[in-house]
Amino acid sequence: MVLQPGYGIASGTPHLEPHSGPCQMCPELPCIGACPSGALRPIPLEQVRIGIARLDPARCIAFHGQDCHVCLDVCPLPGKAIAIEAGRPAILDARCTGCGVCSFACVAQPTAIRIEKL
Ligand code: SF4
Ligand code: SF4
């Protein structure tokens, strides 16, 4: 167990590092059944709230004249959690699970999407 300053009572519990490995939002969410303590409640995939994606227009190439929608293509909830509006991505806060797949797949270096804690 690694204690992490700044995480409060969550220190030492599992956490995601989206830049190196996001939650893949696997069908049926097998992590819930695998958890030995029952700490993960069985809920529909669309109700998962790990965090929330935040887009930085300064880094996103779609805001600078290039055609890109990789983040939309990889999102487990395309059109619900993220959409393309006038050629640019927009995070739809109410449905974003915070899985981090978009952040991991973003073609910008560094990524134009970070996952914010709820
Ligand atoms: S917008 Fe990003 S963080 Fe939110 S559900 Fe889609 S891939 Fe996951
Ligand atoms: S993948 Fe990254 S650079 Fe491409 S549109 Fe999405 S946020 Fe912008």
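What's counted below: heavy atoms across the whole structure, side chains too, no hydrogens, waters or symmetry copies.
Closest approach of L72 and I82 over heavy atoms only: CD1-O, 3.2 Å. Heavy atoms only, all atoms of each residue included: L45 and L77 are closest at CD2-CD2, 3.9 Å. Closest approach of A83 to L92, counting heavy atoms only: CB-CD1, 4.0 Å. Between V74 and V101, the shortest heavy-atom contact is O-CG1, 3.5 Å. Taking every heavy atom of both residues into account, L118 and G51 meet most closely at CG-CA, 3.6 Å.
Residues P78 and D73 fail the side-chain proximity criterion, which asks for heavy atoms closer than 4.5 Å. Two residues are said to be in side-chain contact when any heavy atoms from C-beta on lie closer than 4.5 Å; C60 and R88 fail this criterion. A heavy-atom distance below 4.5 Å is not found between the side chains of I52 and I115. Taking the side chain as every heavy atom from C-beta outward, P22 and C99 never approach each other to under 4.5 Å.
For R49 (side chain) and A94 (main-chain N/O), a donor-acceptor pair under 3.5 Å exists by modelled atom type. Formation of a donor-acceptor pair under 3.5 Å by the T111 side chain with backbone atoms of S103 is found in this model. Although no hydrogens or angles enter the test, the distance criterion places a donor-acceptor pair under 3.5 Å between the side chain of H64 and the main chain of A58.
To the nearest 0.5 Å, atom CG of residue D56 and atom CZ of residue R114 are 8.0 Å apart. Between atom SG of residue C96 and atom CD of residue E116 there is a gap of 10.5 Å, rounded to the nearest 0.5 Å. Note that the CG atom of L29 and the CD atom of Q47 stand 11.0 Å from one another [nearest 0.5 Å]. The CD atom of E17 sits 12.5 Å away from the CZ atom of F104 when rounded to the nearest 0.5 Å. With values rounded to the nearest 0.5 angstrom, L40 atom CG is found 5.5 Å from C31 atom SG. Annotation: the span from E46 atom CD to M25 atom CE amounts to 9.0 Å, rounded to 0.5 Å.
Open room surrounds CD on E28; 12 or fewer heavy atoms of other groups in view lie less than 6.0 Å from it.
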Q: Could you give me the CA-CA distance, side-chain angles and deciding distance for V107 and C68, then say whether side chain to side chain contact (heavy atoms under 4.5 Å, CB included) is met?
A: CA-CA 8 Å; V107 301; C68 182; 3.8 Å; yes
